[in-house]
Amino acid sequence: MLGSSHIALSALAMTLIVGVRYLLTSGMFAWLTDKVRPGLYKGMKPQIGREIRWSLYSAAIYGIPTGVVAWGWQNHGWTQVYTDWSAYPLCYLPVSVIAYLFAHDTWFYWTHRWMHQPRWFRIAHAVHHDSRPPTAWAAMSFHPIEALTGAIVIPMLVFVIPIHAAMLGLVLGIMTLMGVTNHMGWELFPRWLVHGPLGKGLITASHHQHHHARYTCNYGLYFRFWDRLCGTDKGLGEFPATGSHKGQANAALDAARSAHSGS
């Protein structure tokens, strides 16, 4: 009984951590958007309210399995997470980060494509695409079914791929940063990166914007590898000018969503 209460406390604590991390990160980039692109989210308070509500539901779905796994790691040595810097060669540290990001990106690409099948789009993924256009608050705005597909991937990987606890924190930080910045409605990263050699392989808001505009392309999360390999990479999107952001996006998305959902 005592063990089960400790597991519940760990799950609750992790849920709070995920929820607070979301509110702080999305809130910071929403504030930045207001400073850099004033008026971009004008008239979108009802949508932002929905994004926050769905995201806090998702925080619990992400936090519970993570809390259970964290409890098992701390108390019973579950997982391949280690804290001794000398356990593996130092050159393995960046390798493990890249391995996690690539594995997560692979999982995300294929589950994301699956979510765009008409049946599953109507049941679950339409919640995310109801952000029209998405804002900095939309990163975790998922139906519980979709949130569950995202929540299990990192807890599964820690049982398979060894990683230092600090590098796992870095992976989670990158995941949070890219999830938020890819949905802001403007490009945070410099033009030389987005349009240069790095941009040909990395996903930023310019690439993900095209997914929210066309629905049937650009499914990746971090890398353009699977999109390029599978012929679903349709290049970079464009951002509507401030003041026409909502109206232009809705006009394009109405047609795209109607065709995509089979309605």
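Computed from a predicted structure; not experimentally measured. The first residue in the sequence is number 1, and the count goes up from there.
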**OP:** Examine distances only and state if a side-chain atom of Ser10 and a backbone atom of Gly67 form a donor-acceptor pair shorter than 3.5 Å.
**Re:** yes

Subject >> Test ring-ring contact (aromatic ring centres under 6.0 Å, His included) applied to His143 and Tyr57, step by step >> reply: CA-CA 8 Å; His143 185 280; Tyr57 295 155; 9.9 Å; no

Original post:
Relative to the ring of His212, is the ring of His183 parallel (under 30°), tilted (30 to 60°) or perpendicular (over 60°)?
Top reply: perpendicular

Original post:
Between Gln47 and Pro133, is there a donor-acceptor pair closer than 3.5 Å when you use the side chain of the first and the backbone of the second?
Top reply: yes

Original post:
Considering all heavy atoms of both residues, which atom of Trp73 and which atom of Thr83 are nearest to each other, and what is their separation?
Top reply: CZ2-CG2, 3.8 Å

Original post:
Does the Arg228 side chain pair with the main chain of Lys200, one donor and one acceptor, at a distance under 3.5 Å?
Top reply: yes

Original post:
Is there a side-chain hydrogen bond (donor to acceptor under 3.5 Å, both in side chains) between Thr135 and Glu51 once you walk through the steps?
Top reply: CA-CA 8 Å; Thr135 76; Glu51 291 171 345; 2.5 Å; yes

Original post:
ring pair (Phe, Tyr, Trp, His ring centres under 6.0 Å) with Phe142: which residues, sequence neighbours excluded?
Top reply: His128

Original post:
Does a side chain donor of either Asn182 or His207 reach within less than 3.5 Å of an acceptor in the other side chain?
Top reply: no

Original post:
Side-chain donor-acceptor pair under 3.5 Å between Ser55 and Trp137, yes or no?
Top reply: no

**OP:** Group every Ile, Leu, Val, Met, Phe, Trp and Tyr by side-chain heavy-atom contacts under 4.5 Å, then state whether Ile203 and Ile98 land in the same group.
**Re:** no

Original post:
Between Phe225 and Phe102, is the gap from one ring center to the other below 6.0 Å?
Top reply: yes

Original post:
Are His164 and Trp85 close enough that their ring centres sit under 6.0 Å apart?
Top reply: yes

**OP:** Locate the shortest heavy-atom distance separating Trp78 from Phe159; write the atom from each residue and the value.
**Re:** CB-CE2, 4.0 Å

Original post:
OG1 of Thr25 to CE of Met140: how many Å apart, nearest 0.5 Å?
Top reply: 10.0 Å

Subject >> Test item: Asn218 side-chain N/O and His210 main-chain N/O as donor-acceptor pair under 3.5 Å >> reply: no

**OP:** Please answer whether the main-chain N or O of Ala136 pairs with a side-chain N or O of Ser26 as donor and acceptor at a distance below 3.5 Å.
**Re:** yes

Original post:
Within the distance-only criterion (no hydrogens, no angle test), does the side chain of Arg224 pair as donor or acceptor with the backbone N or O of Gly199 below 3.5 angstrom?
Top reply: yes

Original post:
Counting N and O atoms only, with roles assigned by atom type, does the side chain of Tyr100 sit under 3.5 Å from a partner on the main chain of Ile161, one being a donor and the other an acceptor?
Top reply: yes

**OP:** Determine yes or no for a side-chain-to-main-chain donor-acceptor pair under 3.5 angstrom, with Tyr219 supplying the side chain and Thr111 the backbone.
**Re:** no

Original post:
Is it true that a side-chain atom of Trp107 and a backbone atom of Thr149 form a donor plus acceptor pair closer than 3.5 Å?
Top reply: yes

Original post:
Do other residues, nucleotides or ligands put more than 12 heavy atoms under 6.0 Å from Phe223 CZ?
Top reply: yes

Original post:
Is there a donor in the side chain of His116 and an acceptor in the side chain of Tyr215, or the other way round, less than 3.5 Å apart?
Top reply: no

Subject >> Distance-only side-chain donor-acceptor flag, Tyr22 / Thr176, under 3.5 Å >> reply: no

Original post:
Any side-chain donor-acceptor pair under 3.5 Å between Thr204 and Glu187?
Top reply: yes

Subject >> Matching residue for Thr79 among Val158, Ile163, Leu168 - test: side chain to side chain contact (heavy atoms under 4.5 Å, CB included) >> reply: Val158

